[in-house]
Amino acid sequence: MSPYIVHLNCSSISEFSDQFSGKYNAFSQEIETEKANAGTKPYNAFNQMCAIRDRLRDASSYLNGMMLTPHPTNTAVEFMHFLFHAAIICDGVEQLARIFGCKAALEKIRGLQNIFHLDQVRESDASRFEPENGFCPECDVYKTDKSFFEYIRSLGAMHPSNTSHHENYHGKDTFHTSPYVRWNDFGDRHLYELYVIVYPGSKSDESHRVYLKINEFVVYAQKHLDFIREITSRLADKQKKLIERHKNTPIKKPDEHSSCTEYLGTIKSEMAKRKLWRNNEGVIDLILPFFTTKILSSTNFTLLICYQNAIKYAITMLHEQLQDMGEDEKRFFIIELTQHRPQTLDHRTWAHPSEHLNDLIDVNCPRSSKDFVRRELCHPQIQQWIKKFVEYTGEETDEELYTLVNLACYLDNLSGDSKINKVIPRDSLYRPKFSCQQKHLAQEHSFTPFFEDDIAEQTPTKGIAEPDIMNTLEKMK
């Protein structure tokens with residue numbers, strides 16, 4: 001007898017995982033179970049779905065390609081392992097079906113009798129079933145593919161010493177027990193590779209064999225794997241409904257707020273709710289100082305207005321993307337404006353202080369950490385770079401220093417191939433007029449921003465006029 005190699009089509013697991021963990025994965029965190037009946041309450045199912053997904057992967061990976069090698073004189077230990085992992089698949093699919101309200105559809109499949117057959121049960125047991133529907137008058141239950149699988153699973157792997165919850169097989173008020181599952185020696189029932197020795201719980205009954213076909217158990221497991229596609233479809237529908245719910249929930253407009261900071265707080269809250277922004281709502285905390293910090297230098301203040309306008313421009317795009325639940329990468333542009341890096345400063349020099357720059361505005365950060373950042377910014381190359389773009393004395397407050405360094409980064413990125421330079425409109429509203437000294441330094445470092453002088457004769461690009469939302473923000477200032 002040749003070894004039996006298990007072959008399963010597990011593509012449905014990958015499809016479910018892709019839908020669950022793909023671009024809408026954050027919405028999976030909002031999914032609650034269907035209410036099964038009047039006595040149950042829905043609960044958030046995200047962690048359970050994560051566990052089931054990973055278990056399905058492991059169990060199917062273990063089974064697919066598994067080789068069951070006949071040993072006529074030995075017990076079929078590999079088959080016990082097969083039953084254990086096949087049960088993980090079946091139970092996992094059943095729980096997913098319960099979560100997505102399609103358990104009835106799954107039970108309809110599992111309630112059939114077209115995989116396992118009555119002739120696999122000893123003749124005295126088979127006589128207890130009506131041939132038309134497999135009904136057991138004595139115990140008032142149906143013999144189905146599901147019930148047979150669970151009975152053999154209990155005998156062969158889970159409860160071999162006390163299989164007592166399958167009355168349609170062992171009868172009422174008694175139990176079955178099994179010493180082993182063995183490979184068939186082909187003396188009889190040559191179509192079956194295995195048999196289970198069954199001892200009854202009562203002395204009056206005789207022990208008997210239940211013959212098994214491995215392929216039927218593989219087909220049963222495959223039925224469950226195939227049903228995952230139905231679950232994946234339900235998952236996609238739930239995600240779509242959640243997205244539509246957000247689309248149809250208006251975000252308060254700027255003029256519905258009393259201040260700019262209040263409006264930014266609303267945007268932060270919506271970023272957290274609308275999930276497609278990968279938990280980046282903390283970026284709003286990073287831009288608040290640009291609107292609240294007192295800037296002593298009038299020159300710096302004039303430059304900062306351009307930076308504020310650029311942020312308002314990005315917030316405008318973010319607001320629209322949040323409302324429409326869009327996937328345009330421009331929704332991340334607001335992050336670009338706070339996590340940018342200089343174009344004309346060596347990246348190795350900038351790498352370390354940039355990691356800790358946000359400590360300057362972190363109220364929970366100790367004074368020693370803030371002082372460390374200030375020392376890092378005293379690097380000669382960094383000092384020279386900052387002074388190219390802003391007036392800097394070294395006596396600024398932590399919040400002002402944080403604002404000026406970010407402002408310098410912004411001005412430095414208004415050139416070349418930087419994303420900021422590509423997205424920000426060519427308009428003096430966002431691009432300040434540089435001094436002659438700054439122009440000279442820029443040319444010296446191959447830095448060619450769009451100066452106000454350069455665009456004076458240009459026709460403004462269509463569609464870049466200041467949006468209404470920005471006018472409102474300006475009034476709030």
Side-chain angles (χ1 to χ4, degrees), residues 26-27 30 242-295 298 300-340 361 399-400 402-403 406-407 410 414 419-420 423-432 452 455 460-477:
F27 290 99
E30 296 187 32
L242 287 168
I243 292 171
E244 287 301 317
R245 186 186 72 191
H246 287 303
K247 281 185 176 181
N248 296 327
T249 304
I251 300 174
K252 291 176 66 177
K253 297 179 180 179
D255 57 8
E256 299 178 70
H257 298 80
S258 59
S259 67
C260 180
T261 53
E262 183 184 350
Y263 172 63
L264 291 177
T266 295
I267 292 295
K268 178 181 177 180
S269 176
E270 292 295 335
M271 289 177 73
K273 290 177 185 177
R274 296 176 182 244
K275 301 296 184 182
L276 289 180
W277 284 264
R278 304 171 189 170
N279 297 320
N280 281 317
E281 60 271 10
V283 69
I284 301 299
D285 295 328
L286 301 181
I287 66 175
L288 280 173
F290 307 146
F291 294 90
T292 59
T293 300
K294 184 177 181 180
I295 302 298
S298 58
N300 289 341
F301 183 75
T302 301
L303 296 172
L304 181 61
I305 290 175
C306 292
Y307 189 23
Q308 290 174 342
N309 287 337
I311 292 172
K312 294 172 188 176
Y313 183 80
I315 290 291
T316 302
M317 292 190 291
L318 178 58
H319 186 124
E320 293 171 353
Q321 292 289 316
L322 283 169
Q323 185 62 71
D324 298 337
M325 297 302 294
E327 299 174 42
D328 194 312
E329 284 299 315
K330 287 184 179 180
R331 69 183 185 271
F332 296 118
F333 185 60
I334 187 64
I335 299 173
E336 192 75 23
L337 285 174
T338 59
Q339 298 180 3
H340 43 304
I361 58 169
E399 292 77 10
E400 187 176 9
Y402 169 83
T403 301
N406 277 281
L407 173 58
Y410 169 70
L414 293 177
K419 187 172 182 178
I420 292 175
V423 175
I424 290 295
R426 272 88 167 139
D427 192 292
S428 58
L429 185 67
Y430 315 98
R431 298 171 183 265
E452 183 175 297
I455 64 172
T461 305
K462 291 183 179 179
I464 65 169
E466 185 178 15
D468 291 340
I469 190 174
M470 293 174 61
N471 287 326
T472 304
L473 286 171
E474 184 63 29
K475 294 177 183 177
M476 288 182 180
K477 187 179 169 184

To the nearest 0.5 Å, how far apart are [atom1] in [X] and [atom2] in [Y]?
X: I361; Y: D285; atom1: CD1; atom2: CG; answer: 7.5 Å
X: K294; Y: T403; atom1: NZ; atom2: OG1; answer: 14.0 Å
X: I334; Y: K312; atom1: CD1; atom2: NZ; answer: 12.0 Å
X: N248; Y: M325; atom1: CG; atom2: CE; answer: 11.0 Å
X: Q308; Y: L429; atom1: CD; atom2: CG; answer: 11.0 Å
X: L264; Y: S259; atom1: CG; atom2: OG; answer: 8.5 Å

Examine distances only and state if a side-chain atom of [X] and a backbone atom of [Y] form a donor-acceptor pair shorter than 3.5 Å.
X: T302; Y: S298; value: yes
X: E399; Y: P289; value: no
X: R431; Y: P425; value: yes
X: E270; Y: I267; value: no

Given side chains that start at C-beta, do those of [X] and [Y] come closer than 4.5 Å, heavy atoms only?
X: M317; Y: V423; value: yes
X: D427; Y: N309; value: no
X: I315; Y: I284; value: yes
X: M271; Y: L318; value: yes

Of all residues at least two apart in sequence or in a different chain, which pass the side-chain contact (heavy atoms from CB on, under 4.5 Å) check with E400?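 side-chain contact (heavy atoms from CB on, under 4.5 Å) list for E400, sorted by chain: T293, I295, L296, E396, T397, L404.
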
Excluding sequence neighbours, so at least two apart, what forms salt bridge (Lys or Arg N to Asp or Glu O under 4.0 Å) with E320?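 Applying salt bridge (Lys or Arg N to Asp or Glu O under 4.0 Å) to E320 gives none.
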
Which residues share a salt bridge (Lys or Arg N to Asp or Glu O under 4.0 Å) with K252, sequence neighbours left out: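 With neighbours one apart ignored, the set is empty.
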
Nearest heavy-atom neighbours spanning [X] and [Y]:
X: Q323; Y: K247; result: NE2-O, 3.0 Å
X: A314; Y: L337; result: CB-CD1, 3.6 Å
X: C306; Y: S428; result: SG-O, 3.8 Å
X: L414; Y: Y430; result: CD1-O, 4.1 Å

Using the rule given for side-chain contact (heavy atoms from CB on, under 4.5 Å), can you reason through T261 versus T292, listing the C-alpha separation, both sets of side-chain angles and the distance that settles it, and then say yes or no? CA-CA 8 Å; T261 53; T292 59; 3.8 Å; yes

Determine whether I287 and Y307 satisfy the following criterion, side-chain contact (heavy atoms from CB on, under 4.5 Å), listing intermediate values before the conclusion. CA-CA 10 Å; I287 66 175; Y307 189 23; over 6 Å; no

Using 30° and 60° as the class limits, which term best fits the ring planes of Y263 and H257: parallel, tilted or perpendicular?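 Answer is perpendicular, since the angle exceeds 60°.
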
Check side-chain hydrogen bond (donor to acceptor under 3.5 Å, both in side chains) between T338 and all other residues, then give those that pass, not counting sequence neighbours.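 With sequence neighbours excluded, T338 shows a side-chain hydrogen bond (donor to acceptor under 3.5 Å, both in side chains) to no residue whatsoever.
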
Quick one: list whatever passes side-chain hydrogen bond (donor to acceptor under 3.5 Å, both in side chains) with D324, sequence neighbours left out.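 D324 satisfies side-chain hydrogen bond (donor to acceptor under 3.5 Å, both in side chains) with no other residue.
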
Pick one: which of F301, Y410, Y402 meets ring pair (Phe, Tyr, Trp, His ring centres under 6.0 Å) with F290?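 Between F290 and the candidates, ring pair (Phe, Tyr, Trp, His ring centres under 6.0 Å) is satisfied uniquely by Y402.
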
